[in-house]
Amino acid sequence: MTEVNTPLSTGGRAPEGAPPRTGRWTRFVTARPRLSLLVALVLTALAVLAGSGVADRLGGGGWEDPAAESTYATKALERQFPDSQPNLLLLVDSGRASVDDPAVAAQARDLAGRLAREKGVTGVGSYWQSGSPALRAKDGHEALIAARITGDDNAMGKTLDRIAPHYRGTHGSVRVKVGGIVAVRHDMQTIIKEDLTRAEMIALPITLVLLVMVFGSAVAALLPLGIGIVAILGTNAVLRGLTTFTDVSVFALNLTTALGLGLAIDYALFIVRRYREELSTGADPLTAVGATLRTAGRTVLFSALTVAVSLAAMMVFPQYFLRSFAYAGIAVVLLAAAAALILLPAALVLLGHRVNSLDLRRLFRRGREPKPAEGTAWARTARLVMRRAPLFALGTTVLLVVLGLPFLGVKFGTADDRQLPSTAQSHVVQDQIREGFPGSPGGGLEVLAEGRATAAQYAAYKQRLAALPEVVRVDGPLVKGDAAYFTVQPKGEAVDGAAQRLVGAVRGLHPPFATKVTGTAAVLVDTKHAIAERLPWAAVFIAVVTLLLVFLLTGSVLIPVQAVVLNALSLTAMFGAVVWVFQDGHLSGPLGFTSPGSIETTLPVLMFCVAFGLSMDYGVFLLSRIKEEYDRTGDHDAAVRHGLQRTGGLITAAAVILAVVMVAIGTSRVTNTKMLGLGIALAVLMDAMVVRSLLVPAIMRLTGRATWWAPAPLRRLHARFGLSEGEPVAPVEKKEPAGV
């Protein structure tokens with residue numbers, strides 16, 4: 001096979017005294033190893049400074065489509081009718097007295113007056129001012145003061161921090177709790193930052209212990225952690241820079257930590273394992289690094305590209321919540337790969353054979369010879385799967401399909417206060433409003449009317465709104481110049497199916513003036529439409545680029561198709577579990593969350609892109625080793641067995657370590673983060689232990705040598721541009737499969 005002239009390929013004259021197989025990239029990264037590590041240390045320190053305070057600049061929203069009708073209406077109402085868009089609610093509890101009691105009313109009016117004088121607060125209204133029954137609890141002991149805090153997410157959070165302590169608590173005869181959208185988002189940001197710190201404290205020591213168990217050597221175990229820390233700190237600096245130009249979601253920090261540790265560990269595991277293999281054959285450290293970069297190094301580079309492609313697909317969507325994960329994911333993947341391909345080789349050259357220092361496994365191997373490779377558990381697994389390939393292929397496929405069946409009943413919703421722990425005050429306030437107030441205050445539809453209209457036309461339109469099914473009440477219009485707005489209260493929940501159908505009914509009325517509809521249900525309808533409209537493009541992008549990259553790796557037409565299909569199949573268990581646990585509420589008690597009865601609309605897209613990329617990561621590790629052996633021997637079955645034997649333990653170890661990191665993220669008290677962490681942990685374990693270990697070798701055994709077929713033009717294309725792992729070898733005569 002012709003070796004491609006890539007940055008990791010060999011070529012050029014080696015310097016005098018250097019091993020003959022030392023390539024250009026090896027010479028570049030190992031020429032000044034101490035200088036390389038010193039520069040990396042300086043850059044990491046600068047990244048710490050540049051990324052400091054990044055969490056304080058990230059937003060808690062981003063689920064809306066900025067080009068949607070509901071977004072336009074929301075912004076227009078904020079400008080023209082700030083009273084229509086309250087984001088701060090004070091829940092006033094009068095105890096045993098009625099909210100209409102004169103003493104209670106006087107105290108409430110005093111609180112509303114003080115709130116109206118606060119800087120950054122506008123549109124203050126209350127039950128005691130308007131007399132609206134929607135602002136009074138059914139039992140008559142609670143009522144609401146509503147207001148709007150102005151500014152972006154960060155400005156609103158600072159204003160809330162400043163004023164909330166002065167209103168929360170007891171005031172004379174009433175007790176006040178602070179809630180509303182701004183309080184929910186602020187609590188979410190605060191809790192995510194606290195939970196992320198706790199997750200790191202959980203994940204790092206456990207990960208170190210697992211790495212010591214995998215490598216045996218405590219020295220080797222520290223290398224992946226170092227790569228991960230560099231990737232995380234560098235990504236924080238990138239996100240801090242991006243906040244200058246665009247909105248970035250606070251949730252992206254969780255992905256930065258998870259992928260930074262997970263992928264750095266994957267890449268370092270692969271490179272260090274191969275380096276130690278080369279040392280065990282008698283190679284000197286520099287030669288071993290060169291061989292490692294020509295083999296495992298190429299695979300790491302290729303794997304990083306496939307993961308980055310999956311994450312880049314989220315750039316197709318307009319919501320900055322999803323785009324933020326693309327920013328963070330691409331940055332952390334590329335930084336992890338760069339650190340693994342630049343810093344790690346320099347460290348390995350300096351360490352030499354000391355990479356095996358403090359090998360704790362020697363304590364358990366004294367007096368015993370290591371088992372031969374063909375006697376290992378993975379060798380036995382490979383032989384068993386190859387002998388019973390039809391059974392394993394059918395059984396694992398049926399298992400994965402059955403595990404994914406609950407996803408057929410998925411219901412999509414919005415992220416609300418129920419994402420927070422039940423003890424969070426903003427969650428408590430919204431719960432009390434949902435249960436105790438009529439018509440879901442703050443959850444209705446708001447209709448912006450633009451253009452000149454008469455009072456009679458407004459009155460006629462209001463009657464048509466009130467006549468729609470599922471409408472409890474229509475308030476308004478409030479007129480200002482050539483604009484007006486109406487509030488439509490639905491009968492049921494703010495975002496249930498009836499409320500979503502009501503959005504379509506209101507938008508279909510077409511009065512003699514322009515109207516735009518917003519509100520929680522309208523935002524959900526528009527978000528679902530934006531996702532559905534762009535999802536095929538994202539899927540096509542991932543599929544086409546993945547097919548191309550896997551073809552460049554393998555030179556096969558069938559393997560790329562297998563990779564895409566089996567990767568997608570590996571995610572079924574994750575999606576089924578997400579619905580069964582988080583939508584239907586099973587295990588909500590042990591896991592400590594409140595089920596809203598739906599899945600936030602953007603989250604499955606995020607989980608698919610992340611989990612698909614990680615599955616490709618493991619797929620590339622396995623396929624590259626199989627391809628290397630097939631190129632060397634031309635024996636398809638032996639190559640599949642060899643690939644599984646050599647990488648099965650490595651992939652499983654990497655998956656377990658990544659799952660530990662994701663489970664640590666999944667301990668978050670915010671439900672979306674919990675769902676993301678636990679869902680992806682399940683996905684990577686199923687992929688490593690079921691798909692890569694059983695399904696892939698079984699399918700490759702069934703397809704036989706036809707697995708490697710490609711038409712002549714594509715074979716020539718791969719010979720010119722393809723990538724592969726391993727040294728160039730003399731061509732092995734390979735017979736074409738019959739009938740191909």
Side-chain angles (χ1 to χ4, degrees), residues 77-78 81-118 121-150 156 159-160 163-187 416-418 420 424-446 472-476 478 485 487-490 493-494 519-520:
L77 288 170
E78 287 175 1
F81 303 98
D83 292 3
S84 70
Q85 296 281 296
N87 55 18
L88 175 67
L89 298 176
L90 301 186
L91 180 66
V92 181
D93 186 346
S94 60
R96 296 182 179 180
S98 167
V99 293
D100 297 312
D101 182 275
V104 172
Q107 185 65 61
R109 290 192 186 98
D110 178 66
L111 287 169
R114 286 170 50 195
L115 186 61
R117 294 188 294 272
E118 296 283 1
V121 178
T122 186
V124 178
S126 72
Y127 164 72
W128 296 273
Q129 176 185 345
S130 67
S132 171
L135 301 178
R136 183 180 186 272
K138 298 171 186 176
D139 64 7
H141 296 299
E142 294 172 326
L144 293 172
I145 299 172
R148 179 164 192 83
I149 298 180
T150 59
M156 288 190 290
T159 301
L160 184 67
I163 67 174
H166 301 295
Y167 293 90
R168 187 183 290 120
T170 302
H171 299 266
S173 58
V174 301
R175 183 169 181 81
V176 178
K177 296 175 184 174
V178 178
I181 295 173
V182 67
V184 169
R185 290 188 175 180
H186 187 59
D187 284 349
D416 59 20
D417 60 282
R418 285 169 288 192
L420 297 170
Q425 190 170 107
S426 58
H427 184 175
V428 172
V429 169
Q430 296 303 126
D431 262 349
Q432 291 182 250
I433 291 174
R434 263 190 300 269
E435 299 296 327
F437 284 71
S440 185
L445 301 182
E446 290 160 326
V472 173
R473 185 183 70 257
V474 179
D475 296 325
L478 180 63
Y485 86 89
T487 301
V488 182
Q489 290 292 343
E493 284 281 344
T520 309

Enquirer: Shortest non-hydrogen contact from Gly140 to Ser94?
Expert: O-OG, 4.3 Å
Enquirer: Work out which heavy atom in Ser426 is nearest to a heavy atom in Leu420; give both atom names and the distance.
Expert: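 Distance-wise, the nearest heavy atoms are OG-CD1, 3.2 Å.
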Enquirer: With a 3.5 Å distance limit and no angle check, can you tell me whether His141 reaches the backbone of Val99 through a side-chain donor-acceptor pair?
Expert: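 The answer is no, because no donor-acceptor pair under 3.5 Å joins these two groups.
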Enquirer: For a quick test of reading the model, state the closest non-hydrogen atom pair linking Leu115 to Ala147 and the distance between them.
Expert: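 Smallest heavy-atom distance, with atoms named: CD2-CB, 3.7 Å.
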Enquirer: Any side-chain heavy-atom pair from Leu88 and Val178 closer than 4.5 angstrom?
Expert: yes
Enquirer: Would you confirm whether Arg168, through its side chain, and Gln425, through its main-chain N or O, come within 3.5 Å as a donor-acceptor pair?
Expert: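 No, Arg168 side chain to Gln425 backbone: no donor-acceptor pair under 3.5 Å.
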Enquirer: Please round to the nearest 0.5 Å and tell me the distance separating atom CG of Leu90 and atom CD1 of Ile163.
Expert: 7.5 Å
Enquirer: Return the OG1 to CD1 distance between Thr122 and Ile149, rounded to the nearest 0.5 Å.
Expert: 11.5 Å
Enquirer: Could you walk me through whether Ile433 and Val429 satisfy the side chain to side chain contact (heavy atoms under 4.5 Å, CB included) test, starting with their C-alpha distance in whole Å, then the side-chain angles of each, then the deciding distance to 0.1 Å, before giving a yes or no?
Expert: CA-CA 6 Å; Ile433 291 174; Val429 169; 3.9 Å; yes
Enquirer: Taking C-beta and beyond as the side chain, do Leu144 and Leu91 meet within less than 4.5 Å on heavy atoms?
Expert: yes
Enquirer: Kindly give the heavy-atom pair with the smallest separation between Asp475 and Arg473, and that separation in Å.
Expert: OD1-NE, 3.1 Å
Enquirer: Show the numbers, then the answer: is there a side chain to side chain contact (heavy atoms under 4.5 Å, CB included) between Val176 and Asp93?
Expert: CA-CA 6 Å; Val176 178; Asp93 186 346; over 6 Å; no
Enquirer: How many angstroms lie between atom CG of Asp101 and atom OG of Ser173, to the nearest 0.5 angstrom?
Expert: 7.0 Å
Enquirer: Indicate yes or no for a side-chain donor-acceptor contact from Arg136 to the backbone of Ser132 under 3.5 Å, with no hydrogens or angles considered.
Expert: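 Not confirmed, Arg136 side chain does not pair with Ser132 backbone.
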Enquirer: In sequence, state the C-alpha distance, the side-chain angles, and the governing distance for Glu118 and Thr159, and then conclude on side chain to side chain contact (heavy atoms under 4.5 Å, CB included).
Expert: CA-CA 9 Å; Glu118 296 283 1; Thr159 301; over 6 Å; no
Enquirer: Can you tell me how far the CG atom of Leu160 sits from the CG atom of Asp187, to the nearest 0.5 Å?
Expert: 7.5 Å
Enquirer: For a quick test of reading the model, state the closest non-hydrogen atom pair linking Val92 to Trp128 and the distance between them.
Expert: CB-CH2, 3.7 Å
Enquirer: For Met156 versus Thr150, what's the shortest heavy-atom pair and its separation?
Expert: CG-O, 3.5 Å
Enquirer: Could you note down all residue pairs passing side chain to side chain donor-acceptor pair (under 3.5 Å) where residues 174-186 supplies at least one of them, sequence neighbours left out?
Expert: Glu64-Arg185, Asp161-His186, Thr170-Arg175, Lys177-Gln432
Enquirer: Kindly say whether Arg114 contributes a backbone atom to a donor-acceptor pair with the side chain of Tyr167 at under 3.5 angstrom?
Expert: yes
Enquirer: Can you list the steps and then say if Ile145 with Val124 is a side chain to side chain contact (heavy atoms under 4.5 Å, CB included)?
Expert: CA-CA 7 Å; Ile145 299 172; Val124 178; 4.2 Å; yes
